[in-house]
A.B. asks: 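Here it is, the structure, as structure tokens.
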Amino acid sequence: MDRLMKTEVLAFAGYQEFEAAADRTAVKIKEGYMEMGYILKMARDTDILRESEYTGYMEFAEKRYGLDQGTVSRYIRIVERFSEGGNSHVLMDNYKNMGFAKLSIMLHMPDAIAEELMDSLSKTEVQAIREELEAEEQVSDIELAIEQVEAEEKKILPPVEGNMLSRAVWQMGREHHEIYRKVWKAFEKGDTGSIKDILAPQGDAVITVRIPGTGRFQIFIKSDICVVNLRTQEKERYSEEDMIEELRKICPVAGMFVEEAYKSVYDEDMEPVKEPEKKAEVAPVQQKKEKRKESKVTKAKAEKPNPAAVVEEEQLPGQMSVEDYEGIVPDATYEEVRDGDSDADQEGEPCTGDIDGVSGGAGDPADDVECGQAERAEGSEIQSDYAADGTSESGGSKEDTRTVEDIWMGIYQKNSEVSKYLTVWESQHNLMERDMLQKLYDMTVAMAAGFEKLLMEDQE
């Protein structure tokens, strides 16, 4: 009888009943992790294990099913994040075909991005989108502010009055020259119907661009167009026609070659066409492997900004520049500016009050005392080691044989970061952290002491 009952479970009246049973089983296999996640969540959130031999849900998962803590955590978090109501074993509709591996990666994304991902994306492509998000997170607000100033000076920003799609499309043309060439050619032929196929050859795609001073934008090309700002998670939706119109603005075709059109829009030269790599000849007996499809995800080509670069100012006639002292004035990175790590600090030299070295760095609090921070807190001014009469503050005689030019270069060498701080202050002073403001204050006071010395030298 038992055997008959088991056989009857697998007996089907016809194909439709058979298909329905197969579909139910496939769903259970595919989304079984959701049921397990929900069970583990119940074990965690209720007292269901009180009558068991296990002390907690982690021990239950490990000893009974061999699941480690990381896997258990992912199971539960996927249920909380992607299930209907955040407390069921059923995925929300837009995540149903994602699978455990991709949802595990999506746990590290904000909803604004995760809810736009297509289930046709591979795990590698989802990971590539996450990497773009992480890369933008590495750029601090103060770095972005410095980059904004530099980009305005170089005039490499999209039109300010444009919407998110307009700005993203403008930057896409500037970054992705191969896409620009193909789109321009389509406009030249009057074939706007092929533009979506150019942007998304496999039906859908994600194109990332990075606007200097603003950050990364991702363009999701599906049944509609969605543009997401990775820094703010702001998003806007557009139609395919909107995309075509924005592309038309950056692809003038009247009486131009593609290179001329590109330069008329971006005021810079286009990259030359890359020659295709030569493929090794395949022996006749060798089976050809199926051609791998191109990734649906195009990553931003822009590198992380160099926030340590000083915005160039107009040079006065006869004014000396940094280039005149190549090898003398050191390059400073953002990390050095932020942390206040001078060469002297790294080598363990004491922070003195010398004109060449006075900077009053705001590093370790213990060092602040040695550098005169305690005196400054009481209202004392930073003074040079050299007094007006040529003696040191300690009372000893100290002959200064340096020229005015030597002294000036000493000041500049130790305090050239001032211009970087002032650049940020002028653009977005609310981003300046307190320790950075302290550094700016210390450096300007130190420079004032140096200039006072120069004035004394000039009077002599």
Side-chain angles (χ1 to χ4, degrees), residues 1-11 20-140 206 218 228 230-233 297:
M1 183 67 180
D2 289 343
R3 183 178 179 182
L4 180 60
M5 290 180 64
K6 291 178 181 177
T7 305
E8 286 177 348
V9 172
L10 299 177
D23 287 347
R24 287 194 301 270
T25 304
V27 170
K28 278 196 170 187
I29 293 172
K30 190 173 183 180
E31 298 185 0
Y33 63 88
M34 289 298 295
E35 291 190 15
M36 178 57 74
Y38 180 69
I39 288 169
L40 293 172
K41 186 175 183 297
M42 285 187 62
R44 184 195 69 180
D45 297 345
T46 70
D47 60 354
I48 194 73
L49 296 177
R50 70 182 184 280
E51 297 177 0
S52 73
E53 59 187 285
Y54 307 106
T55 58
Y57 74 101
M58 282 294 185
E59 183 183 0
F60 168 74
E62 181 181 4
K63 289 187 176 179
R64 192 166 184 85
Y65 303 108
L67 301 176
D68 59 37
Q69 291 187 11
T71 303
V72 172
S73 175
R74 285 193 293 275
Y75 275 139
I76 295 176
R77 288 167 63 201
I78 286 174
V79 167
E80 292 175 328
R81 176 87 180 273
F82 302 117
S83 74
E84 292 183 357
N87 190 34
S88 74
H89 65 279
V90 180
L91 281 167
M92 287 187 278
D93 287 341
N94 52 321
Y95 301 120
K96 279 190 178 298
N97 297 314
M98 281 298 183
F100 178 75
K102 288 189 279 187
L103 289 175
S104 295
I105 299 172
M106 292 161 61
L107 286 171
H108 303 278
M109 299 179 183
D111 288 339
I113 306 233
E115 62 193 15
E116 296 301 328
L117 299 188
M118 304 82 77
D119 55 29
S120 62
L121 295 174
S122 68
K123 176 185 174 183
T124 301
E125 290 165 338
V126 174
Q127 178 62 31
I129 292 172
R130 176 186 171 185
E131 288 170 358
E132 289 290 88
L133 181 63
E134 290 175 342
E136 192 58 43
E137 289 172 348
Q138 296 301 312
V139 183
S140 69
V206 183
Q218 282 187 333
V228 182
L230 267 60
R231 291 187 76 87
T232 65
Q233 279 81 65
V297 176

A.B. asks: Search all heavy atoms of L117 against all heavy atoms of M106 and return the closest pair with its distance.
C.D. replies: CD1-CG, 3.7 Å
A.B. asks: Does E137 have any side-chain hydrogen bond (donor to acceptor under 3.5 Å, both in side chains) partners at least two apart in sequence or in another chain, and if so, which?
C.D. replies: none
A.B. asks: Give a yes or no on whether the backbone of F100 and the side-chain of S104 come within a donor-acceptor separation of less than 3.5 Å.
C.D. replies: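 Flag set: sc S104 to bb F100 pair under 3.5 Å.
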A.B. asks: Does R50 have any side chain to side chain contact (heavy atoms under 4.5 Å, CB included) partners at least two apart in sequence or in another chain, and if so, which?
C.D. replies: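 Result, side chain to side chain contact (heavy atoms under 4.5 Å, CB included) vs R50: D47.
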A.B. asks: Got a sec, which residues hit side chain to side chain contact (heavy atoms under 4.5 Å, CB included) with S122, two or more places apart in sequence or on another chain?
C.D. replies: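 For S122, the residues satisfying side chain to side chain contact (heavy atoms under 4.5 Å, CB included) (neighbours in sequence not counted) are T124, E125.
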A.B. asks: For T71, give me all partners under side chain to side chain contact (heavy atoms under 4.5 Å, CB included), at least two apart in sequence or on another chain.
C.D. replies: L67, D68, R74, Y75
A.B. asks: For E136, give me all partners under salt bridge (charged side-chain N to carboxylate O under 4.0 Å, His left out), at least two apart in sequence or on another chain.
C.D. replies: R210, R216, R231
A.B. asks: Could you give all pairs that pass the salt bridge (Lys or Arg N to Asp or Glu O under 4.0 Å) test and reach residues 87-113, with sequence neighbours left out?
C.D. replies: R81-D111
A.B. asks: Would you please name every residue forming a side-chain hydrogen bond (donor to acceptor under 3.5 Å, both in side chains) with E115, sequence neighbours left out?
C.D. replies: K235
A.B. asks: Only counting residues at least two apart or in another chain, list the ones meeting salt bridge (charged side-chain N to carboxylate O under 4.0 Å, His left out) with E80.
C.D. replies: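 For E80, the residues satisfying salt bridge (charged side-chain N to carboxylate O under 4.0 Å, His left out) (neighbours in sequence not counted) are R44.
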A.B. asks: What donor-acceptor contacts under 3.5 angstrom involve side-chain atoms of residues 33-42, with partners at least two apart or in another chain?
C.D. replies:
from : atom 1 : to  : atom 2 : distance (Å)
K41  : NZ     : D45 : OD2    : 3.1
K41  : NZ     : N87 : OD1    : 3.0

A.B. asks: Taking only residues two or more places apart in sequence or in another chain, which ones pass salt bridge (charged side-chain N to carboxylate O under 4.0 Å, His left out) with E131?
C.D. replies: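 Residues passing salt bridge (charged side-chain N to carboxylate O under 4.0 Å, His left out) with E131: K299.
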A.B. asks: Once side-chain hydrogen bond (donor to acceptor under 3.5 Å, both in side chains) is applied, do any residues pair with N97, and if so which ones, sequence neighbours excluded?
C.D. replies: K30, D119
A.B. asks: Side chain to side chain contact (heavy atoms under 4.5 Å, CB included) with A22: which residues, sequence neighbours excluded?
C.D. replies: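 Per chain and number, A22 pairs via side chain to side chain contact (heavy atoms under 4.5 Å, CB included) with no residue.
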A.B. asks: Please check: side-chain N/O of E51 versus main-chain N/O of I48, any donor-acceptor pairing under 3.5 Å?
C.D. replies: no
A.B. asks: In Å, rounded to the nearest 0.5 Å, how long is the span from CD of Q127 to NE2 of H108?
C.D. replies: 8.5 Å
A.B. asks: Evaluate S88 against E84 for side-chain hydrogen bond (donor to acceptor under 3.5 Å, both in side chains), listing each step before the verdict.
C.D. replies: CA-CA 6 Å; S88 74; E84 292 183 357; 5.2 Å; no
